[in-house]
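Hydrogens, waters and symmetry mates play no part in the numbers below; they use all other heavy atoms, side chains included. Numbered from 1 within each chain, the chains take letters A, B, ... in sequence-line order.
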There are 2 protein chains.
Amino acid sequence: MARVSPRTSEPAVRERLLETAAELITEEGPAALSTRRLAQEVGTSTMAVYTHFGGLPQLVRAVVSEGFARLAEHLAAVPMTDDPLADLAELGVAYRANAHDNPHLYAVMFGSASLGGYRLTRDELAEGRYTFDMLVAGTQRVMDAGIWKAGDAEAVAGQLWCSLHGFVMLELAGYYDGEPDAEGRVLLPMMANLASALSG
Amino acid sequence: MARVSPRTSEPAVRERLLETAAELITEEGPAALSTRRLAQEVGTSTMAVYTHFGGLPQLVRAVVSEGFARLAEHLAAVPMTDDPLADLAELGVAYRANAHDNPHLYAVMFGSASLGGYRLTRDELAEGRYTFDMLVAGTQRVMDAGIWKAGDAEAVAGQLWCSLHGFVMLELAGYYDGEPDAEGRVLLPMMANLASALSG
DNA sequence: GGAATAGGAATAACACCGTTATGACAAAAT
DNA sequence: ATTTTGTCATAACGGTGTTATTCCTATTCC
């Protein structure tokens with residue numbers, strides 16, 4: 001069984017592997033993450049990756065899991081006011097901001113092709129759906145306030161998610177590079193337009 | 001200078017490398033593409049990749065370029081009727097169909113993180129924008145017919161592209177796996193909803 | 001026609017990668 | 001005190017992209 005703490009209060013190797021791996025992906029991209037580089041960075045041997053995670057793919061999955069947690073934190077940090085529609089827009093802004101702060105990590109989270117081309121597991125999909133649930137809740141609030149006509153909040157939030165995710169991915173790919181104010185001139189109008197489609 | 005044809009009418013090695021690389025990515029994923037595997041498949045040595053393309057990344061760029069060409073073909077094959085709105089919907093359906101037929105290739109085309117984490121060049125972005133231009137033209141037709149209120153067709157098409165791309169990416173990642181009729185229940189309603197926001 | 005030349009391709013090597021087997025070592029459990 | 005168990009270091013295996021070198025062949029020039 002896992003040693004609780006080896007007397008010394010140093011952070012466990014597992015934690016440091018996770019943190020450093022996330023750092024490497026975030027700062028230098030997925031290609032910079034290798035067992036040898038990681039082991040050197042943490043100050044251990046490549047075996048640590050296998051004793052603690054079972055292999056590099058599983059470690060990446062753990063990093064992805066933390067990425068979803070960060071995203072959830074970003075979204076949860078958005079304050080709820082008495083203007084549900086503005087709150088929903090802020091949710092979109094926070095969603096994009098998180099992807100911008102961790103572009104490589106975001107790409108790994110949703111980019112099914114990267115890092116050996118593994119597919120997301122049921123659990124990872126569930127973590128993504130948790131993000132989606134926040135959009136559903138925000139949409140439901142707008143409907144409950146009578147700003148949008150009542151309807152299938154999941155379907156509407158799904159459309160919202162597609163637009164958000166698509167915009168973020170295109171932006172990360174390099175489109176909108178010549179756009180100085182993508183948030184004000186693309187993201188917000190997009191959400192406003194979706195809103196107008198459902199108002200009344 | 002490049003030999004025009006070595007007397008024999010066999011397809012040039014460069015062409016076969018390109019075709020086989022696209023096949024490998026399409027059928028087995030990006031991870032299956034390696035210089036040695038490719039050389040063996042084509043019946044040459046790994047050096048061919050370097051003499052013809054300069055390296056694996058450049059070859060991948062060439063494959064991506066062909067992927068954009070395929071996408072353009074798919075979209076150009078959509079017949080234009082006297083119902084511009086229906087045509088635009090068909091454009092979206094064709095867009096998704098192309099991504100479904102070549103999921104790995106589509107992911108490489110837009111997945112900035114995959115295969116060594118290279119960034120798209122200006123030229124590749126331009127090829128993607130050509131796809132975008134088709135959406136702009138389709139949108140313009142709807143506006144010209146008076147179905148949508150006249151306005152910035154580029155902005156509207158951009159929103160359309162975000163939604164389309166986001167939906168396709170999420171679908172390829174595994175969300176919507178439990179949805180038997182994603183086209184009818186997600187994609188088409190999404191486009192219809194965007195349409196209603198702009199009608200009048 | 002023969003020689004010079006240039007470009008394509010094969011071989012082998014280098015450094016790196018993920019992974020695994022082996023063994024040493026220290027902390028728990030008995 | 002001894003056994004057990006989890007952790008990590010070392011070294012090896014097969015694989016990767018890339019490069020230098022060499023050979024060969026087809027074109028080009030005279």
Where the side chain of [X] is defined as all heavy atoms beyond and including C-beta, which of [options] is the nearest nucleotide?
X	options	value
A/T35	C/dA9, D/dT19, C/dG18	C/dG18
B/S45	D/dC13, D/dT18, C/dT11	C/dT11
A/T44	C/dT20, C/dA9, D/dC8	D/dC8
B/T46	C/dG8, C/dG18, D/dT18	D/dT18
A/M47	C/dG18, D/dA9, D/dG17	D/dA9
A/Y50	D/dC8, C/dA9, C/dT20	C/dT20
A/V13	C/dA9, D/dC8, C/dA13	D/dC8

Taking N and O atoms by type only, does the side chain of B/R36 place a donor or acceptor under 3.5 Å from a partner on the base of D/dG15?
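Counting by modelled atom types and ignoring angles, no donor-acceptor contact under 3.5 Å is found here.
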Can we say B/E171 and B/R96 salt-bridge, meaning some charged N sits less than 4.0 Å from an Asp/Glu carboxylate O?
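The answer is yes: the pair qualifies as a salt bridge.
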Salt bridge between B/E28 and B/R37, side-chain N to carboxylate O under 4.0 Å?
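Salt bridge between B/E28 and B/R37, a charged N being under 4.0 Å from a carboxylate O: yes.
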Figure out the [atom1]/[atom2] separation between [X] and [N], and round it to whole Å.
X	N	atom1	atom2	answer
B/F53	D/dT18	CZ	P	13 Å
A/L33	C/dC16	CG	P	17 Å
B/R37	D/dG14	CZ	C1'	16 Å
B/L38	D/dT18	CG	P	12 Å
B/R16	C/dA9	CZ	C1'	13 Å
A/Q40	D/dT10	CD	P	13 Å

Are OP1 or OP2 of D/dG6 and a side-chain N or O of A/T51 less than 4.0 angstrom apart?
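Answer is no, no contact under 4.0 Å.
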Under 4.0 Å from OP1 or OP2 of C/dA9: is there any side-chain N or O of B/H52 that close?
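Yes, B/H52 has a side-chain N/O under 4.0 Å of OP1/OP2 on C/dA9.
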Regarding A/S65 and A/E124, do their side chains bring together a donor and an acceptor under 3.5 Å, going by distance alone?
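Side-chain D/A pair, A/S65 to A/E124: absent.
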Using the ring centroid of each side chain, check whether B/H100 and B/Y95 are separated by less than 6.0 Å.
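Aromatic pair excluded; centres sit 6.0 Å or further apart.
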Count the heavy atoms belonging to other residues, nucleotides or ligands that lie under 6.0 Å from CG of B/D181, then report whether that count exceeds 12.
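Buried by this count: over 12 neighbours within 6.0 Å.
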When we call it a touch if two heavy atoms are under 4.0 Å apart, what does B/S34 touch: a base, just sugar-phosphate, or nothing?
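Sugar-phosphate: the residue B/S34, judged by heavy atoms under 4.0 Å, touches backbone atoms but no base.
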